[in-house]
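Proteins get letters first, then strands, A, B, ... in listed order; numbering begins at 1 in each.
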Number of protein chains: 2
Amino acid sequence: MANATLKKIAQVLDISVSTVSRALKNHPDISASTKQKVMELAETLEYEPNAVAVNLRSKNTKVFGVMIPSITNNFYDSFVNAVEEEVKKAGYSLMILQSGDDPAIEIENLKIYRQNRVSGVFVCLSKETTNIDAFHKMKEANIPLVFFDKVPDNDAYDRVCLADKEAAEMAAEALLQKKKKNILAVFGNTQLSITKRRLDAFKKIMQQNTSVDVAYEFAGKSEEAESIAQRYFQLKKMPDAVFCMSDEILVGVMKCIQRLHINVPAQTGIIALSDGYFPGIYYPEITYVETSGYRLGKLACERMMECLKGKEETTELFVSSRFAEGGSL
Amino acid sequence: MANATLKKIAQVLDISVSTVSRALKNHPDISASTKQKVMELAETLEYEPNAVAVNLRSKNTKVFGVMIPSITNNFYDSFVNAVEEEVKKAGYSLMILQSGDDPAIEIENLKIYRQNRVSGVFVCLSKETTNIDAFHKMKEANIPLVFFDKVPDNDAYDRVCLADKEAAEMAAEALLQKKKKNILAVFGNTQLSITKRRLDAFKKIMQQNTSVDVAYEFAGKSEEAESIAQRYFQLKKMPDAVFCMSDEILVGVMKCIQRLHINVPAQTGIIALSDGYFPGIYYPEITYVETSGYRLGKLACERMMECLKGKEETTELFVSSRFAEGGSL
DNA sequence: ATTATTTTCGCAATCGTTTGCGGTTCCGAA
DNA sequence: TTCGGAACCGCAAACGATTGCGAAAATAAT
């Protein structure tokens with residue numbers, strides 16, 4: 001008998017629904033014998049509480065929203081993976097929606113989250129989002145928000161980010177230490193704050209060392225990174241090292257490296273900021289500074305849980321970086 | 001005023017809750033003037049229906065479950081991507097749970113889906129699952145199930161699969177057409193039915209042509225594929241082509257190719273079964289037979305929608321394959 | 001003016017669960 | 001015998017929305 005309810009159990013035993021409810025929760029008001037009977041019947045009827053009804057009454061759905069530009073992305077994957085692992089321990093589930101980097105869909109999605117009364121939402125902003133008014137409504141609806149990765153420029157929100165500054169600095173210093181003198185540095189979309197932070201930090205280190213020549217380029221997609229690399233590696237004076245701000249860029253650059261049969265690290269060095277998967281698929285493996293989506297997910301969960309406990313002050317938190325030696329520099 | 005309810009609107013306008021409900025749904029019983037007032041107030045109060053309450057009453061949550069071994073997997077990603085895109089059109093959302101290839105967690109997850117009264121579940125079985133009794137309960141609870149990719153051997157369930165046989169045949173024939181005579185064919189875990197199907201089809205074609213030498217090897221992970229390739233490419237008689245059953249294997253093989261500086265396709269040809277992303281990151285791009293997670297997702301959705309409409313007969317459906325010319329063969 | 005018919009709306013039940021409050025029953029103590 | 005207090009359980013409201021049915025008011029028909 002699937003879909004048993006408290007009422008059915010009550011009718012069979014000829015007792016009230018409230019007694020059944022209390023018995024199943026081991027409430028002290030109920031006698032041992034009654035509890036026994038109720039629990040046995042519940043067992044044989046395969047009773048399972050209707051979460052929807054429980055949610056309505058408790059006003060707590062135990063569901064978190066996760067909004068990302070696209071799920072087909074290694075970085076977001078590992079973020080989602082971490083979050084799913086973590087919140088499950090506390091009995092929460094995930095409702096994942098993709099924005100497709102479209103602010104209109106983003107707003108639609110927020111509406112869905114509100115209507116479903118999720119307990120909180122993890123948000124990575126789309127590339128195109130400039131106006132974050134829509135997110136205010138969530139605050140009004142008392143739904144905690146934790147931004148990650150692409151976060152708004154607003155101290156009124158909780159944000160967890162990669163330690164972009166630190167990571168870019170580590171990479172820059174590694175390049176200097178290896179005495180690289182003619183560096184191609186490829187960054188992503190300049191609109192993104194993530195790009196700005198990495199770029200600024202990288203530049204700062206480089207400017208301290210005037211004997212180093214750095215060319216800064218920007219690529220929104222792998223293909224652009226590939227053609228940029230193509231251009232530079234056909235110069236008489238080839239770069240002696242390439243810095244890749246992201247996996248996407250690394251992939252593009254490496255395709256060019258393969259095309260031109262450039263020997264790494266003999267002819268040129270490579271260093272990237274990465275989650276760690278892609279650096280491992282090449283030979284030699286790429287030296288990278290880790291920017292872990294997984295650890296970011298864990299951190300975001302921690303923050304979310306604090307929000308649920310009523311923490312008021314908003315903060316910006318960072319996950320630290322780690323240098324991972326490959327053989328490419 | 002966030003979290004407005006029908007009741008609040010009713011109180012303000014001094015009318016009944018039912019009238020408010022009908023007015024918002026444009027019910028003919030309600031006068032135009034009343035509708036006007038209700039809708040305006042709903043607008044200013046930013047009323048949004050409580051999906052939880054609606055669900056309880058309608059017994060329809062408009063949420064699908066998606067259970068996969070792990071979300072950090074390109075193939076499942078594109079599947080989930082497709083499903084999310086598709087079901088959103090019909091107003092559905094997704095609740096994603098990972099099994100971690102653990103049958104016990106799988107059963108736990110099914111319970112969560114039942115308690116949340118999801119409208120249906122897309123399931124990819126874990127590698128370890130042998131007993132599928134737990135899935136019977138879903139049928140009893142009247143929750144439609146659509147299995148994909150790793151599906152049970154049971155005609156009582158709906159299944160959508162890649163056309164493994166067809167894809168493996170296409171790849172095999174491409175190898176023959178290119179007059180390859182000494183082929184290394186790397187397959188995945190032999191336990192998986194997906195491996196068996198691909199292997200059988202591939203072998204069948206190859207056996208029709210006795211002049212071709214094929215070495216069959218099996219790798220559960222990228223690293224294993226890499227060391228297998230390493231072994232074969234150090235032989236006096238190098239393979240003149242490699243067949244890779246999956247992206248995972250392709251990545252491992254390609255790492256070896258890079259390590260040994262083997263020229264593709266001059267020294268050896270490569271062909272793979274793949275979703276299409278990884279073949280594009282190498283130069284030359286890898287020739288592959290497409291096994292699209294995305295299209296599998298679309299197909300699974302179609303089937304799910306039919307289940308909701310009450311289709312009784314269960315079927316096994318396949319997504320066709322497509323040959324994609326790279327430059328690696 | 002009286003009856004018939006619309007138009008317009010409210011009552012109350014329902015979905016399944018939880019919980020404050022009050023009401024029996026029963027036991028032992030005064 | 002009577003009172004006090006556990007021990008045990010049910011009533012009813014609540015969460016928010018939907019809907020069949022009946023009722024009042026307004027309009028039309030006779």
Side-chain angles (χ1 to χ4, degrees), chain A residues 1-39 41-42 45-63 91 114-119 141-143, chain B residues 1-39 41-42 45-63 91 114-119 141-143:
Chain A
M1 168 75 68
N3 285 346
T5 65
L6 293 185
K7 193 197 266 186
K8 280 187 195 164
I9 297 181
Q11 285 170 345
V12 173
L13 297 179
D14 197 31
I15 56 180
S16 79
V17 172
S18 35
T19 300
V20 176
S21 174
R22 290 190 172 98
L24 289 173
K25 299 196 115 52
N26 210 21
H27 191 286
D29 266 12
I30 309 300
S31 71
S33 71
T34 305
K35 280 180 188 170
Q36 170 95 23
K37 280 188 290 182
V38 170
M39 290 188 178
L41 186 58
L45 254 46
E46 294 185 324
Y47 168 78
E48 287 184 337
N50 184 326
V52 179
V54 175
N55 291 343
L56 178 59
R57 179 121 224 295
S58 66
K59 297 193 166 202
N60 182 0
T61 54
K62 290 236 155 196
V63 170
R114 260 179 279 125
Q115 297 191 351
N116 280 84
R117 304 296 196 267
V118 296
S119 303
N142 235 349
I143 298 179
Chain B
M1 168 75 69
N3 285 347
T5 66
L6 292 186
K7 192 197 266 186
K8 280 187 194 165
I9 297 181
Q11 286 170 344
V12 173
L13 296 179
D14 197 32
I15 55 179
S16 79
V17 173
S18 35
T19 301
V20 177
S21 173
R22 291 190 172 99
L24 288 174
K25 298 196 115 53
N26 209 21
H27 192 286
D29 267 10
I30 309 300
S31 71
S33 71
T34 306
K35 279 180 188 169
Q36 171 96 19
K37 281 188 290 183
V38 170
M39 290 188 176
L41 186 59
L45 254 46
E46 296 185 321
Y47 168 77
E48 288 183 336
N50 184 325
V52 179
V54 175
N55 291 343
L56 177 59
R57 178 130 226 290
S58 67
K59 297 193 168 201
N60 182 1
T61 53
K62 291 234 153 197
V63 171
R114 259 179 280 126
Q115 297 192 350
N116 281 84
R117 305 298 197 263
V118 296
S119 303
N142 234 349
I143 298 178

Using a cut-off of 4.0 Å on non-hydrogen atoms, how would the nucleic acid contact of [X] be classed: base, sugar-phosphate, or nothing?
X	answer
B:Val52	nothing
A:Ser58	nothing
A:Ser31	sugar-phosphate

OP1 or OP2 of [N] under 4.0 Å from side-chain N/O of [X]:
X	N	result
A:Thr34	D:dC9	yes
B:Lys59	C:dG16	yes
B:Lys7	D:dA14	no
A:Ser16	D:dG10	yes

Among [options], which is the nearest nucleotide to the side chain of [X]?
X	options	result
B:Thr19	C:dG16, D:dT19, C:dC9	C:dC9
B:Arg22	D:dG20, C:dT19, D:dT18	D:dG20
A:Ser18	D:dG16, C:dG10, C:dT19	C:dT19
B:Leu56	C:dT17, C:dG16, D:dA17	C:dG16
B:Arg57	D:dT19, C:dT17, D:dC9	D:dT19

Return the value, rounded to whole Å, for the distance between atom [atom1] of [X] and atom [atom2] of [N].
X	N	atom1	atom2	answer
B:Asp29	D:dG22	CG	P	14 Å
B:Ile15	C:dC11	CD1	P	12 Å
B:Leu24	D:dT19	CG	P	13 Å

